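Here is the structure we will look at.
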Protein chains: 2
Amino acid sequence: MISGKGQAKFCGPTIGGRALAQRNVLQYVILGLLSQHERTGYELSAAFTNEIGEFWQAQHSQIYPQLGKLEDQGFIQHEKALAGKKLEKKVYRLTDSGRTYLNDWVGDATTALPVTKDEFALKLFFIKDASDPRLPGMLQEQIDLHQEWLAHLTVRMGDLFTNATQRAANFGHYLVLSRAVERETDYLRWLQETAAGLSRKDHQ
Amino acid sequence: MISGKGQAKFCGPTIGGRALAQRNVLQYVILGLLSQHERTGYELSAAFTNEIGEFWQAQHSQIYPQLGKLEDQGFIQHEKALAGKKLEKKVYRLTDSGRTYLNDWVGDATTALPVTKDEFALKLFFIKDASDPRLPGMLQEQIDLHQEWLAHLTVRMGDLFTNATQRAANFGHYLVLSRAVERETDYLRWLQETAAGLSRKDHQ
DNA sequence: TCAGGCATGTAATCAGTTACATGATTAA
DNA sequence: TTAATCATGTAACTGATTACATGCCTGA
């Protein structure tokens with residue numbers, strides 16, 4: 001274990017001595033999404049599903065109140081727009097102070113490892129024996145799941161970044177999406193190798 | 001009560017149409033850890049830091065109340081033991097019904113992708129330009145962080161699984177730990193390649 | 001006309017973190 | 001003797017999910 005000799009100032013959660021928690025990251029995610037272009041709360045909510053669900057999640061019930069707080073703080077502003085003849089929507093955009101606040105966060109050191117809650121890894125962890133009859137089915141289930149997810153990511157990659165101009169215009173987005181594709185590809189390879197390894201043991 | 005349409009189905013969070021959330025996984029983690037051998041609450045707490053922090057986290061303030069609930073449900077039992085002459089500790093072990101409850105969960109389909117909250121990926125996502133002066137430093141910071149983490153995992157691997165007998169005795173643990181080492185190795189390779197790619201662009 | 005999506009919010013609950021609180025044991 | 005660790009708990013708060021609630025718009 002990597003020990004931090006701590007003088008009990010900040011005693012947050014750790015894994016292997018590494019810091020984990022972050023406070024109110026949601027506000028920065030919203031500011032970041034608005035830094036790309038103006039959006040409604042509904043569009044922000046959709047972005048959490050489609051664009052950044054890979055590494056952050058939030059529901060609309062969390063987003064709308066946060067929008068109010070950010071506006072109170074002067075980091076964003078909204079103007080009303082009409083969808084059709086009656087349905088009002090609030091289109092939010094970043095203010096200058098909001099952009100500064102966002103950039104301060106991006107520039108700050110990120111000393112926390114990503115937080116992962118992986119239920120499959122957990123189940124695997126508790127299986128003692130390579131001959132456990134549940135293992136092949138569990139692995140196949142994950143192969144199917146992650147194949148589907150990889151297909152989704154690949155489609156997004158093709159939609160967004162087919163040429164160098166697109167990659168240059170949103171370099172960070174391109175980096176994280178291409179990394180996600182790589183990561184899922186590598187994970188699928190491991191799942192398949194592990195499943196194959198079990199089969200070989202069965203036939204010994 | 002005023003009738004709303006669309007009553008109560010279950011509309012949880014998704015990424016790309018995939019289900020995410022799980023309810024009270026903590027209880028199963030505790031049961032799983034106790035299925036390995038009996039432990040105190042303190043030892044369970046330590047296990048979240050040292051053994052399974054890679055894919056699940058919990059503090060002692062969450063663990064102690066959950067132990068009470070699991071005991072109320074009859075899934076675990078404790079007996080008191082003395083550490084020294086006065087200090088009492090509660091050593092918990094799994095009951096038969098607890099083991100059944102745990103195994104039901106392990107056998108259940110895992111249709112949810114792992115939940116990840118990755119602040120670094122988020123920051124990267126919001127960087128538009130490959131020439132952003134913050135990028136090299138950010139990448140180097142992550143390289144240092146994940147190198148340290150990989151070293152920690154490698155030490156654990158060496159401590160726990162040096163021979164085939166150890167790997168066979170806790171096969172699932174071996175699988176997830178060896179996978180974690182692979183994943184971190186692959187991630188570090190990507191970080192370094194990406195950082196190197198930036199340098200080349202700088203010198204063009 | 002009707003289903004699915006667009007659009008915005010709040011309420012209730014659950015999960016998770018941080019801090020408070022106390023005291024014993026061990027080894028330097 | 002004193003710092004680190006063992007040991008157990010609760011309180012206060014923040015974060016996140018699920019459900020409740022309402023109403024408009026578009027296209028089949």
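Every heavy atom of this structure was used, including side-chain atoms; hydrogens, water molecules and symmetry mates were not. All values derive from a computational prediction rather than experimental measurement. In what follows, every chain begins at residue 1, and chains take the letters A, B, ... in the order their sequences are listed.
- Proximity of B/Lys117 to the phosphate of D/dA16: a side-chain N or O atom is located under 4.0 Å from OP1 or OP2.
- The distance between atom CD1 of A/Ile63 and atom P of D/dT17, rounded to the nearest whole Å, is 10 Å.
- Over its length, the helix from C/dT1-D/dA28 to C/dA28-D/dT1 turns its helix axis by 30°, as judged from the five terminal pairs at each end, rounded to 10°.
- DNA chain D is contacted by both A/Lys86 and A/Ser61; A/Ser61 maps to the nucleotide lying nearer its 5′ end (nearest heavy atom per residue).
- Rounded to an integer number of Å, the gap from CD of A/Glu43 to P of C/dA7 is 6 Å.
- If you measure from atom OH of A/Tyr64 to atom P of C/dT8, you get 4 Å, rounded to the nearest angstrom.
- If you take CZ of A/Arg23 and P of C/dA19, they are 8 Å apart, rounded to a whole angstrom.
- Per the geometry, CG belonging to A/Asn24 stands 14 Å off C1' belonging to C/dT17, to the nearest Å.
- B/Tyr101 has its ring centre less than 6.0 Å from the ring centre of B/Tyr28.
- For B/Tyr42 and D/dC6, the shortest distance from a side-chain N or O to OP1 or OP2 is below 4.0 Å.
- The CG atom of B/Leu87 sits 8.0 Å away from atom CG of B/Leu82, with the distance rounded to the nearest 0.5 Å.
- Considering only residues two or more places apart in sequence or on other chains, A/Glu141 meets the side-chain hydrogen bond (donor to acceptor under 3.5 Å, both in side chains) condition with none of them.
- C/dA15 atom P lies 20 Å from atom CG of A/Leu26, rounded to whole Å.
- Every residue two or more places apart in sequence or in another chain that forms a side-chain hydrogen bond (donor to acceptor under 3.5 Å, both in side chains) with B/Glu184 is listed here: B/His146.
- The base of C/dT8 does not come close enough to the side chain of A/Thr40 for any donor and acceptor atom to sit less than 3.5 Å apart.
- For C/dG9, one of the phosphate oxygens OP1 or OP2 lies less than 4.0 angstrom from a side-chain nitrogen or oxygen of A/Lys90.
- For the pair A/Arg179 and B/Asp186, the salt-bridge criterion is met [side-chain N within less than 4.0 Å of a carboxylate O].
- Of the candidates C/dT25, C/dA19, D/dT17, the closest approach to any side-chain atom of A/Gln59 belongs to D/dT17.
- Near-neighbour residues of DNA chain C inside residues 65-83 of chain B, defined by a heavy atom below 4.0 Å, number-ordered: B/Ala83.
- Side-chain atoms of A/Arg93 do not come within 3.5 Å of backbone N or O of A/Arg39 as any donor-acceptor pair.
- With hydrogens and angles disregarded, no donor-acceptor distance shorter than 3.5 Å links the side chain of B/Gln59 to the backbone of B/Ser45.
- As rounded to whole Å, 13 Å separates atom C1' of D/dG15 from atom CZ of A/Phe48.
- Qualifying salt bridge (Lys or Arg N to Asp or Glu O under 4.0 Å) partners for A/Asp118, counting only residues two or more places apart in sequence or in other chains: none.
- Nearest to the side chain of A/Gln62, among C/dT25, D/dT17, D/dT18, sits D/dT17.
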Stepwise side-chain contact (heavy atoms from CB on, under 4.5 Å) check, B/Val176 with B/Ile52: CA-CA 9 Å; B/Val176 294; B/Ile52 56 172; over 6 Å; no
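- Between A/His60 atom NE2 and D/dA21 atom P the separation is 14 Å, expressed in whole Å.
- The side-chain hydrogen bond (donor to acceptor under 3.5 Å, both in side chains) contacts involving residues 159-176 of chain B comprise B/Thr162-B/Gln166, B/Asn163-B/Gln166, where partners must be two or more places apart or lie in separate chains.
- Nucleotides of DNA chain D nearest to B/Gly41 and A/Leu87 differ in position, and the one nearer the 5' end is that of B/Gly41.
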